[in-house]
2 protein chains.
Amino acid sequence: MKAAPAKSRLGSRGRPEESRAAILQAAIQEFAREGVAGARTDAIARAAKVNKALLYYYFKDKETLYGAALDYAFSQLKDHMMQILDRDLPPGEKIRTYVATYFDFLADHKVNRDLVQREMMRAGHGSPHLQRIAKNYFQPLFLRLGQVIRTGIASGEFRPVDPLHFVPSMIALVVFYFTSAPVMKTVTGFDPLSPERVAERRAAVLDFISAALFRHEGERR
Amino acid sequence: MKAAPAKSRLGSRGRPEESRAAILQAAIQEFAREGVAGARTDAIARAAKVNKALLYYYFKDKETLYGAALDYAFSQLKDHMMQILDRDLPPGEKIRTYVATYFDFLADHKVNRDLVQREMMRAGHGSPHLQRIAKNYFQPLFLRLGQVIRTGIASGEFRPVDPLHFVPSMIALVVFYFTSAPVMKTVTGFDPLSPERVAERRAAVLDFISAALFRHEGERR
DNA sequence: ATAATCTAACTAACTGGTTAATTAACGGGA
DNA sequence: TCCCGTTAATTAACCAGTTAGTTAGATTAT
């Protein structure tokens, strides 16, 4: 039995949705590994098992294809994290769960984190996707996180930190470990990405953030 | 009066040391801005006001020139930070001074931080410079920082953190703010790199790290 | 037939790297 | 002091390979 043609209303050889998806996935891999400048359209076509001209049939040019790859990666991340923010949890638990979930997501999605990291660097030198990415994906998460923190401060659970700095700090602690893993491997000799080390790091990050966020006994309010 | 030929023992047109240095500086800028793959040797030559062939006279190829740029940037950073570690200060003060100095260095050296950040990303996909960079620049700093933290823990000044995770966490907090600045600018509307915001961040980082590092009253030892 | 999907082959521009020649300072011999 | 060979420093012009993007047509379900 062959795959049902679904409702693809078209008349031609292959399955167009599949071709498009294959190109997009191949592009994500290539862009994550090589960066925009280093990525080769031929390599993407080969990986997608498709003629190179088909990239330009579905996507205007390399930059547009890169933009589509970014949208895929960022929306995947945003959807995943929004789920946590929508839960009904007290501020402290919500922040801890958010951080833990974010950490696990990055640990499991190397390609995604590489792509995001690369785009962050490119943003500094005028990426044409910065505006869209920031507004559609980062801002919603950022605003929600800020609210959670303010609530926690108001209730006295948190120290009076500035969300504008605390949120990037949380993200920094989670993200940077993976970014620096190759260097750390050479420096320390251990593999920072082994399951044991990752679990260790997860705990360390949660400890670090908790120590900096929660109010301690005897501290002035 | 023309510039003294110094002791340049050579017989030719220009000043060779100057040409080499101009190439290296131009290369640093270009590599920081565009990455290795995106950097153009023609652009480097133009910026250095030198014929492109001269790049290959002084440096074997693009990759070697990139390696020289890395060595320049990393050793500058290392020398700067080692000064702090060599000071005679109690652990708590030393860590705070280290973080503050590191922060100020990155704030003042955009090119340096871009280059370092880019190489960290590349390290994950087999940079031929990773070994040298890690051993020569990161490892010495990392080991020294670890010692300081262990001393602080032993004296009871610090919480019993794991230096293997605490050091990367400190670095993360300092570095990530600059990496994420362009995105944050779009998200928040403010310019995170304005002097006021940078000063604010500096304080927030020190607060965050202090809260996570120092022992609090009534905490179990 | 028609229109959507797909491809082989091509091109124009670019890119890292090379070559052969040119220039200028130095040292030494007459 | 003047001439000249040597050698380091520098460049104009070039080349071969690569790259993003195009074109003209083929294939096939409806």
Without decimals, in angstroms, what is the distance between [X] [atom1] and [N] [atom2]?
X: A:E34; N: D:dA20; atom1: CD; atom2: C1'; answer: 16 Å
X: A:I44; N: D:dT19; atom1: CD1; atom2: C1'; answer: 12 Å
X: A:K52; N: D:dT23; atom1: NZ; atom2: P; answer: 13 Å
X: B:Y56; N: D:dA12; atom1: OH; atom2: C1'; answer: 16 Å

Q. So does A:N51 reach the base of C:dA8 with its side chain, donor to acceptor, closer than 3.5 Å?
A.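 Yes, a donor-acceptor pair under 3.5 Å.
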**Q.** hbond_proxy A:K62 side chain to D:dG21 base (donor-acceptor, 3.5 Å cutoff)
**A.**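 Looking at the base of D:dG21, it does not pair with any donor or acceptor on the side chain of A:K62 (distance under 3.5 Å).
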Q. Does A:H125 reach the side chain of B:D114, with side-chain heavy atoms less than 4.5 Å apart?
A.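 Yes. Closest side-chain heavy atoms under 4.5 Å.
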Q) So what does A:A37 touch, heavy atoms closer than 4.0 Å: a base, only the sugar-phosphate, or nothing? A)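 If one applies the 4.0 Å heavy-atom cut-off, A:A37 turns out to touch nothing in the nucleic acid.
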Q: Mind checking A:A45 for me? I need base, sugar-phosphate or nothing, with any heavy atom below 4.0 Å counting as a touch.
A: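 No contact.
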Taking only side-chain nitrogens and oxygens of [X], does any of them come within less than 4.0 Å of OP1 or OP2 of [N]?
X: B:R40; N: C:dC14; answer: no
X: A:T41; N: D:dT19; answer: no
X: A:Y58; N: C:dC6; answer: yes
X: A:Y57; N: C:dC6; answer: no

**Q.** Modelled atom types, side-chain donor and acceptor of B:T186 and A:R132, under 3.5 Å
**A.**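 Their side chains do not contain a donor-acceptor pair, so the 3.5 Å distance test is not met.
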Q) Would you say the side-chain atoms of B:S210 and B:R96 include a donor-acceptor pair closer than 3.5 Å? A)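 There is such a pair (donor and acceptor under 3.5 Å, judged by atom type) between the side chains of B:S210 and B:R96.
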Q. Any donor and acceptor pair, going by atom type alone, linking the side chain of B:R144 with main-chain N or O of B:M82 inside 3.5 Å?
A.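 No: the side chain of B:R144 does not pair with the backbone of B:M82.
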